[in-house]
K.L.:
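I'd like to ask you about the structure that follows.
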2 protein chains.
Amino acid sequence: MRTYNVNVFLRSTGTAAGSMEGEGPLARYFDVVSPDGYFGEKTWEKAESKFMTTAAQYALNKAGLTDADIDAALAGDLLNQCITTGYTARDMHTPLIGLYGACSTMALSMALGSLLVTAGMRHVLAGTSSHFASAERQFRTPMEYGAQRPPTAQWTATGSGMVVLSSEAVVEAEAAVEATPILIKHVTFGRVIDRGVDDVANMGAAMAPAAVDTLDAHLHNVGSKVGDYDGIFTGDLGNVGYDIACDLGAALDHDLSQNYQDCGQLLYAPDADVGAGASGCGCGALVFCGYIYNAMRTGQLKRVLFIATGALMSPVSIGQGESIPSIAHAVEFVANA
Amino acid sequence: MRTYNVNVFLRSTGTAAGSMEGEGPLARYFDVVSPDGYFGEKTWEKAESKFMTTAAQYALNKAGLTDADIDAALAGDLLNQCITTGYTARDMHTPLIGLYGACSTMALSMALGSLLVTAGMRHVLAGTSSHFASAERQFRTPMEYGAQRPPTAQWTATGSGMVVLSSEAVVEAEAAVEATPILIKHVTFGRVIDRGVDDVANMGAAMAPAAVDTLDAHLHNVGSKVGDYDGIFTGDLGNVGYDIACDLGAALDHDLSQNYQDCGQLLYAPDADVGAGASGCGCGALVFCGYIYNAMRTGQLKRVLFIATGALMSPVSIGQGESIPSIAHAVEFVANA
């Protein structure tokens, strides 16, 4: 596993959140909150595309760009055949690089986008989405069944977050637009880790080893320590995965107790009835594009490591006796560089 | 839509084909042919992962590399949550960049890989797979039903093709390995095109406009004409899509009658009972990594444009009244450069 040194501007973010996410502690960081799960559409799946389209439009507007300026949109989602992404891209005029990284997609898309800007693209749009209701009926049971959830299960977030990444040269040349003083500096693509967890109601346990594997490689390659960061954020490990990640980190001499948080623990109120916390691509997307981005913009966080995690199983593979392969990608930011 | 100029070696290919593909006219170009759809596994889905794993191993072996040399595997497939790719990557030790481009994935993975090599990766593995039986039961009806297929329907290919892409500097430095004299020179990422076709038994018609949209942009950006290529290959339009592509091309003054072929028309014998031809990610993968690569290696084809096409709908989106969004990505090769 290598780490790539880049120098790419995180130009803007856009967020569109569901109603429950809009009632949580991070509500003030979201650009728009839907009053319900439909967002004016007739189905949950069409609503999910509207969340992504809306987040993309906010990110573009704040960057002072239109879709015609974007060399590629890098996106993916949880729905079969990534239809959220496909139908969102249909309504734009940008080339699409479709991704599948499950809940690691917010980090995957930004890591990949930063390398594509390095290779010559000027502006890319990157991000992802998820939707509680579309995910429930695809991955689990019809919600009308009222199936019970064990306390290790997590709650799929509803919403989308998108970012615009730009080359430094382009940002400096556009004097009318203030350069966002946040740079992506290092990115690490993770490998697939599977420690044999096969309980789809405990994905935090399945994904935690991947998060720590990528964290360890990233720190080693950059030559940094946990304490060098103002904040380290994993994507959506939830309460169970968070504790496992801390234990696995400690075994590798990474003391995560001081500055490590998990997006799955931040999106909803501590007393919300969401099992072990938030999950879904939209969890990392909303927390990163909303809260973390704002904290970097306002100087509260200067050096940030964002590691989104994904569980790569499907209902079919689990039904065939497989365990859960997991992955994590890392993106390091420096604000006011 | 921009076209990127790159200079990246297509170092090797690997192919693993199903039994029916192994009885077709391109059989001699495949590294291994499975005697049946199971390839020694217990389920079609596990078999599909074995096809991809096997193709990857052949590509690595022929490049004189191991998975430890690979900076990233870029792959995707048709199965929900891309489980073929996830479980294949679990058994390797390479970082994974998961893609979803439906049947455009062979071109998407190579186009993206060539930019990542440009950005600093040394070797990448790229490719895709599909499986007739796993696709039938996921997208259509259980095969035991014996559902009739209209003549416009295509036949999902069983098999996988993978390539190794390397930076020129790395290939030249490794004297023990003969440099493959095939270079990727230009790549164009396509945008999503949807002309309203909603018949999933006629995906060639849905995808042909995307193929021609990307072709037109690529030729314009490179400053080339159709006649400048020894061969132009689309991914899997089949008989219906081929004719539509020729008509749409002619309307843009691109005379495709001389040197244009579709992978969906090449994989099976002309009299095979496969409706309008082959489809699936594995179609473009097998034809490119087998036949086209061999023709470039042996000097029969020098300048080649490969445009794989993908249909980005899902059974859910079609059930909700949506049409088929389609995409195509283009990769241009020069042999003996």
Side-chain angles (χ1 to χ4, degrees), chain A residues 1-2 4-6 42-43 45-46 71-72 76 78-83 85-102 104-105 108 111-112 115-122 134 138 188-194 310 312-317 320 322 325 327 329, chain B residues 1-2 4-6 42-43 45-46 71-72 76 78-83 85-102 104-105 108 111-112 115-122 134 138 188-194 310 312-317 320 322 325 327 329:
Chain A
M1 292 164 79
R2 290 175 65 194
Y4 302 90
N5 300 324
V6 296
K42 287 186 178 173
T43 70
E45 289 75 13
K46 290 176 192 283
D71 286 333
L78 286 175
L79 295 185
N80 295 344
Q81 286 69 60
C82 296
I83 50 171
T85 299
Y87 288 99
T88 296
R90 184 182 63 179
D91 296 333
M92 303 181 69
H93 301 282
T94 61
L96 171 66
I97 294 173
L99 305 178
Y100 187 74
S104 73
T105 306
L108 173 61
L112 194 54
L115 285 191
L116 293 181
V117 168
T118 302
M121 290 192 181
R122 297 164 300 195
S134 65
Q138 176 183 279
T188 303
F189 296 98
R191 55 189 172 183
V192 175
I193 302 288
D194 186 338
L312 302 174
M313 81 297 164
S314 81
V316 167
S317 73
Q320 292 184 0
E322 274 291 2
I327 197 164
H329 305 289
Chain B
M1 293 165 77
R2 290 175 65 195
Y4 302 90
N5 300 323
V6 296
K42 287 185 178 175
T43 69
E45 289 75 14
K46 289 177 192 283
D71 285 334
L78 286 176
L79 295 185
N80 295 343
Q81 287 69 60
C82 296
I83 50 172
T85 300
Y87 288 100
T88 296
R90 183 182 63 180
D91 296 333
M92 304 180 69
H93 302 282
T94 62
L96 171 67
I97 295 173
L99 305 178
Y100 187 75
S104 73
T105 306
L108 173 61
L112 195 54
L115 284 191
L116 293 181
V117 168
T118 302
M121 291 194 181
R122 297 164 300 195
S134 64
Q138 177 185 278
T188 303
F189 296 98
R191 56 190 171 182
V192 175
I193 303 288
D194 186 338
L312 301 175
M313 81 296 164
S314 80
V316 167
S317 72
Q320 292 184 1
E322 274 291 0
I327 197 164
H329 304 289

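Each chain gets a letter, A, B and so on, in the order its sequence line appears, and its residues count up from 1.
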K.L.:
If you take all heavy atoms of D194(B) and R90(A), which pair is closest and at what distance?
P.N.:
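In this case the closest contact between D194(B) and R90(A) is OD2-NH1, 2.7 Å.
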
K.L.:
Answer yes if the side chains of T85(B) and Y100(A) hold a donor-acceptor pair under 3.5 Å, and no otherwise.
P.N.:
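Result is no, nothing qualifies.
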
K.L.:
Side-chain contact, heavy-atom cut-off 4.5 Å: N80(A) with V316(B)?
P.N.:
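No; the side chains remain at least 4.5 Å from each other.
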
K.L.:
Against chain A, work out which of C82(B), G98(B), A72(B) has the most heavy-atom pairs shorter than 4.5 Å and name it.
P.N.:
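Looking at each option in turn, the highest pair count goes to G98(B).
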
K.L.:
Name the option with the most non-hydrogen atom pairs under 4.5 Å to chain B; the candidates are V6(A), I327(A), T118(A), I97(A).
P.N.:
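Counting heavy-atom pairs under 4.5 Å, the top option is I97(A).
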
K.L.:
Please confirm whether the backbone N or O of S317(B) pairs with a side-chain atom of E45(A), one donor and one acceptor, at under 3.5 Å?
P.N.:
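No, because the side chain of E45(A) does not come within donor-acceptor range (under 3.5 Å) of the backbone of S317(B).
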
K.L.:
Would you indicate whether the side-chain heavy atoms of I83(B) and L312(A) approach each other to under 4.5 Å?
P.N.:
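No; the side chains remain at least 4.5 Å from each other.
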
K.L.:
How close do R2(B) and D71(A) get, counting heavy atoms only, and between which atoms?
P.N.:
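R2(B) and D71(A) have their closest heavy atoms at NH1-OD2, 2.5 Å.
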
K.L.:
Relative to chain A, which segment of I193(B) carries a heavy atom at a distance below 4.5 Å: side chain, backbone, both, or neither?
P.N.:
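Neither part.
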
K.L.:
Would you say the side chain of K46(A) lies within less than 4.5 Å of the side chain of Q320(B), judging by non-hydrogen atoms?
P.N.:
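Yes. Closest side-chain heavy atoms under 4.5 Å.
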
K.L.:
Closest heavy-atom contact between A119(A) and A119(B)?
P.N.:
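Here A119(A) and A119(B) meet closest at CB-CB, 4.1 Å.
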
K.L.:
What part of F189(B) gets closer than 4.5 Å to chain A, counting heavy atoms only: side chain, backbone, both or neither?
P.N.:
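For F189(B), the contact with chain A is made by backbone and side chain together.
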
K.L.:
Minimum heavy-atom separation for T94(A) to R191(B), with atom names?
P.N.:
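Where T94(A) meets R191(B) most closely, the heavy atoms are O-CB, 3.6 Å.
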
K.L.:
Looking at chain A, which one of E322(B), H329(B), H93(B) has the largest number of heavy-atom pairs inside 4.5 Å, strictly under?
P.N.:
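Among the listed options, the one with the most contacts to chain A is E322(B).
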
K.L.:
Does any heavy atom of chain A fall under 4.5 Å from the side chain of M121(B), the backbone, both, or neither of them?
P.N.:
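Both backbone and side chain.
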
K.L.:
Taking all heavy atoms of V192(A) and all of A89(B), pick out the closest pair and write down the distance.
P.N.:
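For V192(A) versus A89(B), the nearest heavy atoms are CG2-CB, 3.6 Å.
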
K.L.:
Less than 4.5 Å apart, side chain to side chain, heavy atoms only: is that true for Q81(A) and Q138(B)?
P.N.:
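Heavy-atom side-chain distance check passes, below 4.5 Å.
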
